[in-house]
Protein chains: 4
Amino acid sequence: MYEAREDRHAASSPIGRPRNHRADPAIPRAAVTVLGESGFQGLTVEQVARRAGAGRATVYRRRHTKEEMIIGALDALMADFDVEPSGDLHEDLFAMTRWLRDALLNAPEGRLLPHLAAQAAGDPNFPSSHMDTWVCPWHDAVEAVFVRGRTDGLVRQDVNLSAVVDLLAGVVILRLYLGHGKPLTDEQIQEMIEAVLGGVLL
Amino acid sequence: MYEAREDRHAASSPIGRPRNHRADPAIPRAAVTVLGESGFQGLTVEQVARRAGAGRATVYRRRHTKEEMIIGALDALMADFDVEPSGDLHEDLFAMTRWLRDALLNAPEGRLLPHLAAQAAGDPNFPSSHMDTWVCPWHDAVEAVFVRGRTDGLVRQDVNLSAVVDLLAGVVILRLYLGHGKPLTDEQIQEMIEAVLGGVLL
Amino acid sequence: MYEAREDRHAASSPIGRPRNHRADPAIPRAAVTVLGESGFQGLTVEQVARRAGAGRATVYRRRHTKEEMIIGALDALMADFDVEPSGDLHEDLFAMTRWLRDALLNAPEGRLLPHLAAQAAGDPNFPSSHMDTWVCPWHDAVEAVFVRGRTDGLVRQDVNLSAVVDLLAGVVILRLYLGHGKPLTDEQIQEMIEAVLGGVLL
Amino acid sequence: MYEAREDRHAASSPIGRPRNHRADPAIPRAAVTVLGESGFQGLTVEQVARRAGAGRATVYRRRHTKEEMIIGALDALMADFDVEPSGDLHEDLFAMTRWLRDALLNAPEGRLLPHLAAQAAGDPNFPSSHMDTWVCPWHDAVEAVFVRGRTDGLVRQDVNLSAVVDLLAGVVILRLYLGHGKPLTDEQIQEMIEAVLGGVLL
DNA sequence: CGTTAATCGAGACGGTACGTCGTGTCTTGTG
DNA sequence: CACAAGACACGACGTACCGTCTCGATTAACG
């Protein structure tokens with residue numbers, strides 16, 4: 001499961017009818033659409049195939065489980081991260097944390113995260129490369145802000161900045177999914193940043 | 001959905017044969033047992049009913065979705081929280097955070113959390129009282145440790161301690177469910193506690 | 001099953017709350033009503049009880065199976081047989097045979113007959129007294145017409161008149177239920193009577 | 001319902017995997033087997049499907065109600081009619097009528113007839129072609145006996161022989177299903193034949 | 001007049017069959 | 001070979017009835 005079959009196309013010539021490469025991106029796209037309409041439980045291979053204009057076998061041939069169908073979509077969401085650092089530590093942390101909250105709260109792809117997490121838990125074969133990296137653009141960007149702060153002489157040298165970033169991401173997610181439907185407010189984000197910075201600033 | 005029917009029993013007489021109150025707790029108990037054997041996807045109403053010695057209709061009458069069946073179990077797990085504070089701030093935070101990680105990682109009920117969160121995410125009618133309170137025993141205990149620290153003059157007065165506790169809980173959960181199957185190690189827990197305490201200690 | 005419980009009331013003292021004798025006739029009545037609306041398959045104890053304003057247990061206490069509920073109705077239909085013999089053999093046979101066809105074809109109770117027969121077929125314990133006698137009023141009346149014909153010197157002495165009556169009844173029923181939805185027409189009834197009389201008249 | 005789907009297969013290509021035509025006859029066959037074991041009430045789609053080595057959906061796809069499942073079987077029974085006419089009118093009528101009584105009384109498929117009739121009554125869409133023809137082999141054979149008798153100069157020219165055949169069939173069925181569990185005895189069959197022949201013979 | 005006992009309505013109980021739907025595989029004909 | 005279409009065996013779903021039971025309330029005859 002979860003293995004890429006792309007190598008087949010790298011090889012000389014697979015003989016037979018070539019794959020319809022129009023279907024490759026159409027399937028995840030259809031998955032997200034259906035998902036927005038029917039919810040995660042209502043997401044069906046049949047519906048996705050129909051929407052993508054493909055047969056069920058075509059979907060299965062690509063080894064697309066429910067989860068795989070939408071992983072790409074989540075990656076795409078995080079790749080859309082577009083908060084340009086202004087240079088101001090507080091301001092950048094606030095903007096970026098708020099972006100994370102809003103992306104997970106409002107974007108259709110963002111709402112998938114808990115479902116992916118649920119599936120990943122208890123399934124050691126879940127495509128870890130995706131779970132590995134989904135936060136990466138955001139994580140890296142925030143870490144870069146801290147590194148810049150360190151360069152500017154604002155941040156202590158002896159702090160694991162990656163861990164600090166996870167503190168921020170963690171509390172956003174905690175409040176989103178276990179916070180009785182009340183995600184962090186802007187003020188609470190500020191408060192969290194203050195708390196984190198307390199142990200980070202010189 | 002999710003409405004309490006208890007009031008009917010409190011009222012004079014609900015007419016008709018009264019519900020079998022032996023079955024009420026038996027169903028979630030059976031659900032957790034089955035869940036440990038078959039996993040969340042493999043959890044079947046039929047299996048749960050059989051294990052609980054009840055008919056399928058009896059389960060449906062209780063409006064038990066898969067999730068509702070196990071909410072009580074999760075509450076029970078958190079109620080089992082039994083780390084006695086020693087009085088040492090570092091030590092207590094470490095023990096409690098480690099307990100949380102282990103409970104969610106190892107206990108059958110703990111492994112349900114992401115599934116509950118996923119369900120709650122898209123369902124505003126999800127029994128919020130449960131999501132409200134599931135962390136409470138743990139949260140309150142950790143907050144109490146901080147408060148004691150404040151009393152002892154170790155912790156700053158101007159810090160929102162509840163928010164700090166959420167920082168810890170958040171990072172534990174983040175790494176559990178989105179951390180590529182690599183939960184926080186004991187060393188990383190220590191590291192996180194250091195980071196948090198940096199902004200909290202006087 | 002099928003045993004009469006009437007003896008209980010004949011016995012000295014029933015003690016306890018007496019049965020609601022208003023419900024006794026209400027149940028078969030409700031059964032026929034429901035049957036006209038929902039068909040035989042759709043006839044459920046629940047519906048009948050509801051319609052009769054009774055509880056399900058009240059119905060079961062009377063040992064009413066689906067079939068028992070409606071047997072009485074069929075008896076009542078046949079008891080309604082009201083064709084007065086004119087004295088003319090042909091005319092009377094025609095009127096009576098036509099009445100039988102129409103009763104079984106049009107009356108709601110009449111349409112039950114094949115269902116009762118089907119049930120009786122595989123159930124040796126089926127209340128035979130009812131199947132015994134359901135045609136009796138009709139059978140007896142037609143036989144009486146033949147007997148009168150014999151008295152009048154029209155009919156042979158050496159013919160089993162009861163058997164001849166069954167020939168007529170049989171063909172009516174055959175064409176009703178196995179005759180591709182085309183019951184005997186008036187002309188065909190005449191034809192059958194001619195055929196039968198051919199072997200009966202002097 | 002009851003519509004033939006065969007035309008689709010006759011047409012060029014129905015696209016999609018073709019129906020498993022091995023299952024088509026297997027389903028009624030399994031139905032009769034199960035029916036002999038469990039009775040009509042105990043006949044379950046699940047059981048039939050299992051016995052036929054098919055899935056439940058495969059049965060439903062064939063639009064098989066309980067009744068449709070066994071229609072073919074009844075046709076097969078009547079096709080087994082194998083009483084060779086000896087040339088003697090009385091003897092042949094007796095043998096054939098006795099065969100009919102025994103087939104409906106003893107053969108598992110024969111016992112289905114009242115259930116089919118019950119279903120057909122009140123369902124104008126019931127596959128009439130089957131009810132049309134189920135008696136045909138028998139009917140035609142008996143009529144042929146009468147025709148031969150006419151050829152031999154034994155039978156009157158002005159009698160509707162088909163109607164006479166129905167008189168015989170009707171009384172057999174009447175006594176089978178409404179005759180308080182006492183089908184016609186051999187002597188009674190003789191008696192009925194006598195009565196019928198009385199109006200038929202020259 | 002209170003006790004006793006069987007009835008009533010209502011409705012939950014453990015079961016079981018229903019007909020639908022989704023799964024992942026397969027089997028066609030057509031590129 | 002891949003493709004679309006769709007049938008296949010399987011099995012879970014949620015509903016509906018079954019026949020039984022357990023309630024509180026009712027309604028007599030008996031003590």
Distance in angstrom units between [X] [atom1] and [N] [atom2], rounded:
X       : N      : atom1 : atom2 : value
A:Gln47 : F:dG6  : CD    : C1'   : 17 Å
D:Glu46 : F:dC10 : CD    : P     : 9 Å
B:Tyr60 : E:dG14 : OH    : C1'   : 15 Å
C:Arg22 : E:dT7  : CZ    : P     : 17 Å
A:Gln41 : F:dG14 : CD    : P     : 10 Å
D:Arg19 : F:dA5  : CZ    : C1'   : 14 Å
A:Arg61 : F:dA4  : CZ    : C1'   : 10 Å
B:His21 : E:dC13 : NE2   : P     : 9 Å

Residue-phosphate contact under 4.0 Å: B:Arg56 side-chain N/O, E:dG15 OP1/OP2: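 It does not, given that no N or O in the side chain of B:Arg56 lies less than 4.0 Å from OP1 or OP2 of E:dG15.
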message: If the cut-off is 4.0 Å, is B:Arg50 near the phosphate of F:dA12, judged by side-chain N/O to OP1 or OP2?
response: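 Looking at the OP1 and OP2 atoms of F:dA12, neither is under 4.0 Å from any side-chain N or O of B:Arg50.
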[options]: which one has an atom nearest the side-chain heavy atoms of [X]?
X       : options                : answer
A:Val45 : F:dC13, E:dT23, F:dT15 : E:dT23
B:Arg17 : E:dG11, F:dC30, F:dA4  : E:dG11
D:Asn20 : E:dG11, F:dC8, E:dT28  : F:dC8

Residue pair C:Phe40 / C:Glu67, side-chain heavy-atom distance below 4.5 Å: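 Side chain of C:Phe40 against side chain of C:Glu67, heavy atoms only: contact under 4.5 Å found.
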field: Flag side-chain contact, heavy atom, 4.5 Å: B:Met69 against B:Arg62
entry: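 B:Met69 vs B:Arg62: side chains apart.
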query: Does the pair A:Glu46/A:Arg56 count as a salt bridge with the N-to-O cut at 4.0 Å?
result: yes
field: Lys/Arg N to Asp/Glu carboxylate O, C:Glu37 vs C:Arg51, below 4.0 Å
entry: yes
- request: Nearest-nucleotide wise, let me know which of D:Ala52 and A:Ala57 is further upstream toward the 5' end of DNA chain F.
  value: A:Ala57
5' precedence on DNA chain F between B:Gly16 and D:Arg62 (nearest-nucleotide basis):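 Final value for this comparison: D:Arg62.
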- prompt: Where each residue is assigned the nucleotide of DNA chain E containing its nearest heavy atom, which of B:Thr58 and A:Lys66 is assigned the position nearer the 5′ end?
  reply: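 Going by which nucleotide is closer to the 5' end, it is B:Thr58.
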- request: Scan C:Ala23 against the nucleic acid and name what it touches under 4.0 Å (heavy atoms): base, sugar-phosphate only, or nothing.
  value: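 It contacts nothing in the nucleic acid.
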- prompt: A:Ala54 near the nucleic acid: base, sugar-phosphate alone, or nothing, with a heavy-atom cut-off under 4.0 Å?
  reply: sugar-phosphate
query: Taking all non-hydrogen atoms of both residues, which atom of D:Ile27 and which atom of D:His64 are closest, and how far apart?
result: CG2-ND1, 3.3 Å
